[in-house]
Chemist: 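Right, I'll just put the structure down here and ask away after.
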Amino acid sequence: MDDDVELHRLRERVYGAEGATATPEMIERLAELEERARRSAVPVAVAAPAPVGAPDPPVGPRADASTASEIFASPTPATSAPDGEVDRTPATIPDAAASSPRRVLRIIATVVGALVVLGIGIAIGASTAPTVAATPDPAAAALPELTFPQTVEDVISAEILRDSGIDAGSTRYIATVSDFRIYLAQPDDGDGRCIVTFTSTDNRPWSAGCASGAQEGAAIFGVDESLTVAIGDPDGSDVTGIPIRLSPSVTAYVAQ
């Protein structure tokens with residue numbers, strides 16, 4: 001069987017409504033396939049270098065003889081020293097092909113200078129404009145799941161959570177494992193991490209618990225004798241079971 005097809009079927013079996021019937025072998029196989037999928041590297045396309053000996057692009061248009069004459073011709077006639085007569089000798093016209101690169105360089109220098117002045121002006125304007133410092137959201141940094149808007153699937157009745165100390169607006173549905181629907185949430189004061197669980201078969205509240213924001217490391221919650229849920233990455237000695245990553249912050253550990 002193809003790994004992708006097997007991974008999809010195992011996810012439906014373990015995370016879906018039939019999670020209670022999943023065997024430890026299925027869960028262990030699912031963890032193995034998910035780990036293999038995470039380690040699959042996506043190749044990065046690298047632009048091919050230009051072939052050796054390729055001709056350089058043209059620097060600029062070549063000036064014709066008439067243009068060169070207008071640029072380099074003497075602006076005023078010269079007068080002879082002895083008798084004041086006007087010298088009618090025509091001005092020497094330089095080679096147009098030799099003058100064109102100089103002209104292009106002068107144009108490039110002028111454009112670069114204008115861009116530098118424009119950049120300085122923008123920098124000065126930006127430094128003098130009033131700015132408002134963005135206030136980082138600690139919850140978004142620690143729990144990226146909470147950055148998404150709450151949907152109908154995420155909502156738990158405020159009546160159920162009334163005496164739990166959990167903010168009803170912060171609940172996010174994560175997954176269903178071993179017949180338990182798992183929700184991530186925060187306390188009313190926003191300082192901490194919470195896990196709420198419901199039974200999947202009869203939609204009955206099962207457990208709710210929170211860890212304070214001052215607690216360092218992972219927060220670990222025992223749902224029943226066969227299921228443990230952790231927020232963060234606990235040390236290997238803190239929890240046992242087959243790890244199943246449910247979201248960026250939440251991992252389930254199923255007893256073997």
Chemist: side-chain hydrogen bond (donor to acceptor under 3.5 Å, both in side chains) with Ser157: which residues, sequence neighbours excluded?
Modeler: none
Chemist: Do Ser178 and Val254 make a side-chain contact, defined as non-hydrogen atoms from C-beta onward lying under 4.5 Å apart?
Modeler: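 When only atoms from C-beta onward are counted, Val254 and Ser178 do touch, with a gap below 4.5 Å.
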Chemist: Does Val177 belong to the same Ile/Leu/Val/Met/Phe/Trp/Tyr cluster as Ile195, with side-chain heavy atoms less than 4.5 Å apart forming each link?
Modeler: yes
Chemist: Supply the atom-to-atom distance Gln186 CD to Arg172 CZ, rounded to the nearest 0.5 angstrom.
Modeler: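 Reported value, rounded in 0.5 Å steps: 9.0 Å.
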Chemist: Do you know which two heavy atoms are closest between Ala168 and Ile156, and how far apart they sit?
Modeler: CB-O, 4.3 Å
Chemist: Output the distance between atom CD1 (Ile182) and atom OG1 (Thr251), rounded to the nearest 0.5 Å.
Modeler: 10.0 Å
Chemist: Taking only residues two or more places apart in sequence, or in another chain, which ones meet Asp163 in a salt bridge (Lys or Arg N to Asp or Glu O under 4.0 Å)?
Modeler: none
Chemist: Not counting sequence neighbours, which residues clear side-chain contact (heavy atoms from CB on, under 4.5 Å) with Arg36? List them please.
Modeler: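 If we apply the side-chain contact (heavy atoms from CB on, under 4.5 Å) test to Arg36, skipping adjacent residues, the hits are Asp3, Arg29, Glu32, Leu33.
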Chemist: Suppose the criterion is ring pair (Phe, Tyr, Trp, His ring centres under 6.0 Å): which pairs have a residue in residues 199-255, not counting sequence neighbours?
Modeler: Phe180-Trp206
Chemist: What pairs meet the ring pair (Phe, Tyr, Trp, His ring centres under 6.0 Å) rule with one or both residues in residues 150-176, with sequence neighbours excluded?
Modeler: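 Sorted result for residues 150-176: Tyr173-Tyr183.
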Chemist: Report the distance from atom CD of Glu35 to atom CD1 of Ile244, rounding to the nearest 0.5 Å.
Modeler: 12.5 Å
Chemist: What residues, two or more places apart in sequence or in another chain, satisfy salt bridge (Lys or Arg N to Asp or Glu O under 4.0 Å) together with Asp224?
Modeler: none
Chemist: Mind checking side-chain hydrogen bond (donor to acceptor under 3.5 Å, both in side chains) for Thr171 and listing every partner two or more places apart, or none if nothing turns up?
Modeler: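 Per chain and number, Thr171 pairs via side-chain hydrogen bond (donor to acceptor under 3.5 Å, both in side chains) with Gln150.
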Chemist: Roughly how far, to the nearest 0.5 Å, is the OG atom of Ser170 from the CG atom of Asp188?
Modeler: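 One finds 8.0 Å between CG of Asp188 and OG of Ser170.
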Chemist: Filter on disulfide bond (SG atoms under 2.5 Å apart), then keep only pairs touching residues 172-226, sequence neighbours left out; what's left?
Modeler: Cys194-Cys210
Chemist: Within the side chain of Thr199, is there an N or O that forms a donor-acceptor pair under 3.5 Å with the backbone of Arg204?
Modeler: yes
Chemist: Working to the nearest 0.5 angstrom, can you tell me the gap between Leu227 CG and Thr197 OG1?
Modeler: 8.0 Å
Chemist: Please identify each residue that fulfils side-chain contact (heavy atoms from CB on, under 4.5 Å) with Pro248, with sequence neighbours left out.
Modeler: Pro144, Glu145
Chemist: Shortest non-hydrogen contact from Asp154 to Pro149?
Modeler: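 So the two residues come closest at OD2-O, 3.9 Å.
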Chemist: State, yes or no, whether a side-chain contact exists between Asn203 and Arg181 at a heavy-atom distance under 4.5 Å.
Modeler: yes
Chemist: Is Ile174 reachable from Leu143 through a run of hydrophobic residues whose side-chain heavy atoms are each under 4.5 Å from the next?
Modeler: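 Shared cluster, yes.
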Chemist: Looking at residues at least two apart in the chain, or sitting in another chain, which of them share a side-chain hydrogen bond (donor to acceptor under 3.5 Å, both in side chains) with Asp189?
Modeler: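 Once residues adjacent in sequence are excluded, Asp189 has no partner under the side-chain hydrogen bond (donor to acceptor under 3.5 Å, both in side chains) criterion.
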Chemist: Under the salt bridge (Lys or Arg N to Asp or Glu O under 4.0 Å) rule, collect the residues that match up with Glu216, sequence neighbours excluded.
Modeler: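 Scan of Glu216 (salt bridge (Lys or Arg N to Asp or Glu O under 4.0 Å), adjacent residues dropped) gives none.
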Chemist: On a heavy-atom basis, which atom in Val250 and which in Arg245 lie closest, and how many Å separate them?
Modeler: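 For Val250 versus Arg245, the nearest heavy atoms are O-CD, 3.7 Å.
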Chemist: Using a 3.5 Å distance criterion without hydrogens, assess whether the side chain of Asp167 forms a donor-acceptor pair with backbone atoms of Gly190.
Modeler: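 Not at all, since once roles are kept as given, no pair shorter than 3.5 Å links the two residues.
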Chemist: Tell me whether Val223 is reachable from Ile242 by hopping between hydrophobic residues (I, L, V, M, F, W, Y) whose side-chain heavy atoms are closer than 4.5 Å.
Modeler: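 Ile242 clusters together with Val223.
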Chemist: According to a 4.5 Å side-chain heavy-atom criterion applied to Ile, Leu, Val, Met, Phe, Trp and Tyr, with indirect links allowed, do Val229 and Leu146 form part of one hydrophobic cluster?
Modeler: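 Yes; Leu146 is reachable from Val229 via cluster members.
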Chemist: Can you list the residues that meet the side-chain contact (heavy atoms from CB on, under 4.5 Å) rule with Asp235, with sequence neighbours excluded?
Modeler: Ser237, Asp238
Chemist: Give, for atom CG of Leu246 and atom CD of Glu34, the distance between the pair rounded to the nearest 0.5 Å.
Modeler: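 Going from the CG atom of Leu246 to the CD atom of Glu34 covers 8.0 Å.
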Chemist: Salt bridge or not between Arg162 and Glu159? Use side-chain N to carboxylate O under 4.0 Å.
Modeler: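 A salt bridge links Arg162 with Glu159.
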